[in-house]
**Student:** 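I'd like to ask you about the structure that follows.
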Amino acid sequence: QVQLVESGGGLVQAGGSLRLSCAASGRTFSRYVMGWFRQAPGKEREFVSGIGWTGVSATADSVKGRFTISRDTAKNTVYLQLSSLKPEDTAVYYCAAGRGWNKEEDYDYWGQGTQVTVSS
């Protein structure tokens with residue numbers, strides 16, 4: 001089995017920061033794109049950021065400059081640093097592994113999500 005487990009979510013005030021972690025187990029993901037998606041209640045799941053095995057990354061315009069993705073391949077762990085958080089960032093954040101970039105169908109494995117709530 002392949003498992004992705006997110007952690008680091010919580011309640012934070014607007015303007016604050018959080019760091020999300022995604023720990024992978026079961027297989028090596030060194031050649032997978034590791035991505036973060038988020039889903040707010042009643043809304044579609046949306047791409048946030050992704051990082052390739054070479055370290056090249058891409059980030060959605062909505063969070064660019066505020067969120068930073070990084071990857072520690074040796075630890076099979078991906079991070080998402082959330083800064084300057086806004087209430088509209090409130091969502092369940094999901095870690096995923098796949099072979100694409102910004103489409104949900106590009107990803108094969110998904111974590112269970114971690115809740116990020118940003119208060120005004």
**Student:** Got V78 and I69 here, is their nearest side-chain heavy-atom distance under 4.5 Å?
**Tutor:**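 The answer is yes; the side chains approach within 4.5 Å.
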**Student:** Between S57 (side chain only) and I51 (backbone N and O only), is there a donor and an acceptor less than 3.5 Å apart?
**Tutor:**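 The answer is no, because no donor-acceptor pair under 3.5 Å joins these two groups.
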**Student:** Under 6.0 Å from the six-membered ring centre of Y79 and within 45° of its axis: does the NZ or CZ of R19 meet both?
**Tutor:**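 The answer is yes, since R19 meets both limits relative to Y79.
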**Student:** For Q81 versus L18, what's the shortest heavy-atom pair and its separation?
**Tutor:**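 Closest approach of Q81 to L18, heavy atoms only: NE2-O, 3.4 Å.
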**Student:** Give, for atom CE of M34 and atom OG1 of T77, the distance between the pair rounded to the nearest 0.5 Å.
**Tutor:**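 If I round to the nearest 0.5 Å, the distance is 8.5 Å.
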**Student:** How many angstroms lie between CD in Q3 and CG in N76, if you round to the nearest 0.5 Å?
**Tutor:**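 Q3 atom CD to N76 atom CG measures 12.5 Å (nearest 0.5 Å).
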**Student:** What I'd like to find out is whether the side chain of L11 reaches to under 4.5 Å of the side chain of S119, using heavy atoms alone.
**Tutor:**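 Answer yes - side chains close enough.
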**Student:** Within a radius of less than 6.0 Å around CD of Q115, do more than 12 heavy atoms belonging to other residues, nucleotides or ligands occur?
**Tutor:**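 Yes, the 6.0 Å shell around CD holds more than 12 heavy atoms from other groups.
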**Student:** Just checking Y107 against Y32, ring centres under 6.0 Å apart?
**Tutor:**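 Centroid separation for Y107 and Y32: 6.0 Å or greater.
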**Student:** What do you reckon, is CD of E105 surrounded by more than 12 foreign heavy atoms closer than 6.0 Å?
**Tutor:**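 For E105, atom CD is crowded (more than 12 foreign heavy atoms under 6.0 Å).
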**Student:** Passes side-chain contact (heavy atoms from CB on, under 4.5 Å), L82 versus D89? Steps please.
**Tutor:** CA-CA 9 Å; L82 315 178; D89 295 320; over 6 Å; no
**Student:** Within the distance-only criterion (no hydrogens, no angle test), does the side chain of S49 pair as donor or acceptor with the backbone N or O of A58 below 3.5 angstrom?
**Tutor:**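 At least one qualifying donor-acceptor pair exists.
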**Student:** Of all heavy-atom pairs between T59 and V63, which one has the smallest distance, and what is that distance?
**Tutor:**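 Between these two residues, the closest heavy atoms are CG2-CG2, 3.4 Å.
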**Student:** Run the side-chain contact (heavy atoms from CB on, under 4.5 Å) test on C22 and W36 for me, step by step, so that the C-alpha distance in whole Å, both residues' side-chain angles and the decisive distance to 0.1 Å come before the verdict.
**Tutor:** CA-CA 9 Å; C22 173; W36 288 94; 3.7 Å; yes
**Student:** Let me confirm one number: the OG1-CG distance from T114 to L20, rounded to the nearest 0.5 Å.
**Tutor:**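 It comes to 6.0 Å.
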**Student:** Any sub-3.5 Å donor-acceptor pair from E44's side-chain atoms to Q39's backbone N or O?
**Tutor:**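 A pair under 3.5 Å: no.
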**Student:** Hey, would you say the W101 and F47 ring centroids sit under 6.0 Å apart?
**Tutor:**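 No, they do not, as the ring centres are separated by 6.0 Å or more.
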**Student:** Tell me whether K64 is salt-bridged to D61, with the criterion being a basic N under 4.0 Å from an acidic carboxylate O.
**Tutor:**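 Looking at D61 together with K64, the answer is yes, because their closest N to O distance falls below 4.0 Å.
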**Student:** Go through the steps for F67 and L85 under the test side-chain contact (heavy atoms from CB on, under 4.5 Å), then give the verdict.
**Tutor:** CA-CA 9 Å; F67 294 4; L85 283 162; 3.8 Å; yes
**Student:** Atom CD of E6 and atom OG of S21: how far apart are they, to the nearest 0.5 Å?
**Tutor:**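 Spacing of CD (E6) from OG (S21) equals 10.0 Å.
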**Student:** Measure across A24 and L4 and return the closest heavy-atom pair with its distance rounded to 0.1 Å.
**Tutor:**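 Distance-wise, the nearest heavy atoms are CB-CD2, 3.4 Å.
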**Student:** State, to 0.1 Å, how close Q112 and Y94 come at their nearest heavy-atom pair, and which atoms those are.
**Tutor:**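 Scanning both residues completely, I find the closest heavy atoms to be O-CE2, 3.5 Å.
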**Student:** Is there a donor-acceptor contact under 3.5 Å from the side chain of R66 to the main chain of S84?
**Tutor:**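 Yes: the side chain of R66 pairs with the backbone of S84.
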**Student:** What distance separates S120 OG from Q13 CD, expressed to the nearest 0.5 Å?
**Tutor:**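 The CD atom of Q13 is 10.0 Å from OG of S120, to the nearest 0.5 Å.
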**Student:** For the pair T90 (side chain) and E88 (backbone), establish whether a donor and an acceptor sit closer than 3.5 Å, ignoring hydrogens and angles.
**Tutor:**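 Flag not set: sc T90 to bb E88 has no pair under 3.5 Å.
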